[in-house]
Amino acid sequence: YRYLTIKQLISCGVSKNQANLRNIVLYRLTKRSQGNLVQYQDYFGTNVSFGRLPYVYALTEYGAATVAELNGLEVAEVRYPIGKIQYVNDYYHREAYIDFCIEVDKWAEQSEDREVLSLSHYFDKTGAHRKGVPMRSVNRLIASDETGEIEPDGLFFVDTGSKKRAFAVEVHNNTDTKRVIQQLAKHTHAINTGVISKRFN
C-alpha cells in the first residue's frame with residue numbers, strides 16, 4: 001500500500017500489540033546503525049478533534065531492494081516512496097483510501113476463489129520532472145473529448161470467483177455534495193464508455 005500507520009499495520013496482521021509493534025518491530029527496522037529498511041514521517045502535527053496524528057511508515061529504497069530480493073521481484077515492482085514520504089496534503093483522505101485497500105485484500109482472503117489481480121493508487125506516478133517528463137497518476141484515464149480525464153483514487157481488477165470485475169474507487173471525506181455528484185457523474189460516463197474495462201483488457 002506504500003504507506004501505513006501503526007493501526008493499519010495491525011489491521012494487516014503485522015502484530016496484535018501496538019507497543020510491541022512500535023518498540024520492537026518498527027524500532028529494529030527504523031533505527032539500524034546503517035541501512036534502515038523502513039522510514040517514517042511524524043511532521044503531521046496535531047488536530048483539534050483527533051489529537052496528534054499518527055506517524056506514517058514506508059519502505060526505504062534499501063528496504064524495497066531487500067523485499068524485492070526476498071520475493072524474487074524487480075525493485076520496480078515494490079511500492080515505496082522515492083525520496084521522503086510525501087503525505088501531509090491529504091492525510092485523512094489517504095488514510096481512508098488505504099483502509100479500503102486493506103479491506104479489499106481481506107475480502108479476497110476469505111475465499112480461495114477470490115483474487116485481487118491488479119490495483120493501482122492515485123499516488124502511484126509515471127514520469128519524472130527531472131527528466132522533463134510530466135508526472136501523472138497511473139490512474140489517469142481519458143474518458144472522452146466531452147468529459148475529459150478522470151483520475152480515480154483506486155483502480156482495482158478482481159476475480160470474484162465467478163466473474164472478473166474492474167472497479168474505480170473514489171473516497172470522499174468532505175461535505176461538498178456538489179463536488180461529489182460532479183465527480184460521480186464523470187465516473188459514470190467513464191464506465192459507460194468502457195475506458196476502465198479497456199485498461200484491464
Side-chain angles (χ1 to χ4, degrees), residues 1-5 8 11-12 56 58-59 64 73-83 85-201:
Y1 312 110
R2 194 183 291 266
Y3 308 103
L4 290 166
T5 62
Q8 289 169 335
S11 183
C12 290
V56 171
L59 290 170
L73 303 170
E74 296 294 324
V75 177
E77 296 177 79
V78 180
R79 289 183 169 130
Y80 71 99
I82 307 298
I85 294 172
Q86 301 293 322
Y87 199 102
V88 70
N89 293 329
D90 66 340
Y91 188 99
Y92 296 108
H93 173 265
R94 195 171 298 197
E95 182 182 43
Y97 168 73
I98 292 171
D99 284 343
F100 177 82
C101 295
I102 292 168
E103 292 305 315
V104 170
D105 279 335
K106 286 184 177 179
W107 165 83
E109 288 169 5
Q110 290 172 2
S111 169
E112 288 183 4
D113 296 331
R114 297 176 184 172
E115 186 178 359
V116 178
L117 301 168
S118 173
L119 76 98
S120 59
H121 312 304
Y122 69 97
F123 44 76
D124 291 336
K125 306 291 184 186
T126 61
H129 285 309
R130 66 186 182 279
K131 295 181 180 177
V133 181
M135 290 191 70
R136 300 183 187 275
S137 170
V138 297
N139 286 356
R140 180 175 171 266
L141 300 168
I142 305 298
S144 68
D145 291 340
E146 176 191 338
T147 309
E149 63 185 52
I150 64 167
E151 190 179 299
D153 291 332
L155 284 174
F156 289 76
F157 189 39
V158 302
D159 188 339
T160 67
S162 58
K163 189 175 277 191
K164 290 181 180 175
R165 291 207 175 266
F167 291 91
V169 176
E170 278 295 334
V171 176
H172 284 276
N173 58 349
N174 62 48
T175 55
D176 186 348
T177 309
K178 182 179 177 183
R179 182 169 177 266
V180 172
I181 290 169
Q182 287 173 339
Q183 210 157 6
L184 286 174
K186 286 183 76 171
H187 278 63
T188 301
H189 181 74
I191 290 167
N192 288 337
T193 61
V195 68
I196 297 167
S197 296
K198 287 172 189 169
R199 167 65 67 92
F200 297 109
N201 294 318

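Since the structure is predicted, the reported quantities are computational estimates derived from the model, not experimental observations.
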Contacts of type side chain to side chain donor-acceptor pair (under 3.5 Å), residue Ser118, not counting sequence neighbours: none

Please identify each residue that fulfils side chain to side chain donor-acceptor pair (under 3.5 Å) with Tyr97, with sequence neighbours left out. His121

Whether over 12 other heavy atoms sit under 6.0 Å from Gln110 CD: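 More than 12 heavy atoms, drawn from other residues, nucleotides or ligands, come within 6.0 Å of this atom.
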
Answer yes when Lys106 and Glu103 have at least one side-chain N-carboxylate O distance shorter than 4.0 Å, and no when they do not. yes

From Leu155 atom CG to Ile150 atom CD1, the distance as rounded to the nearest 0.5 Å: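 Interatomic distance, Leu155 CG to Ile150 CD1, rounded to 0.5 Å: 7.5 Å.
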
From Tyr3 atom OH to Arg94 atom CZ, the distance as rounded to the nearest 0.5 Å: 5.0 Å

Return the set of residues passing salt bridge (charged side-chain N to carboxylate O under 4.0 Å, His left out) with Arg165 (not counting sequence neighbours), or none when no residue passes. none

Let me have the donor-acceptor pairs involving side chains of residues 178-185, under 3.5 Å, with sequence neighbours excluded, atom names and distances please.
from   : atom 1 : to     : atom 2 : distance (Å)
Gln183 : OE1    : His172 : NE2    : 3.2

Between the side chain of Asn139 and the main-chain N/O of Asp153, is any donor-acceptor distance below 3.5 Å? yes

Give the table of side-chain donor-acceptor pairs shorter than 3.5 Å for residues 194-201, with sequence neighbours excluded, one pair per line with atom names and distance.
from   : atom 1 : to     : atom 2 : distance (Å)
Arg199 : NH1    : Val138 : O      : 2.9
Arg199 : NH2    : Val138 : O      : 3.4
Arg199 : NH2    : Arg140 : O      : 3.2

Go through the steps for His93 and Val171 under the test side-chain contact (heavy atoms from CB on, under 4.5 Å), then give the verdict. CA-CA 7 Å; His93 173 265; Val171 176; 4.1 Å; yes

Pairing residues for Phe100 by the ring pair (Phe, Tyr, Trp, His ring centres under 6.0 Å) criterion, not counting sequence neighbours: Phe156

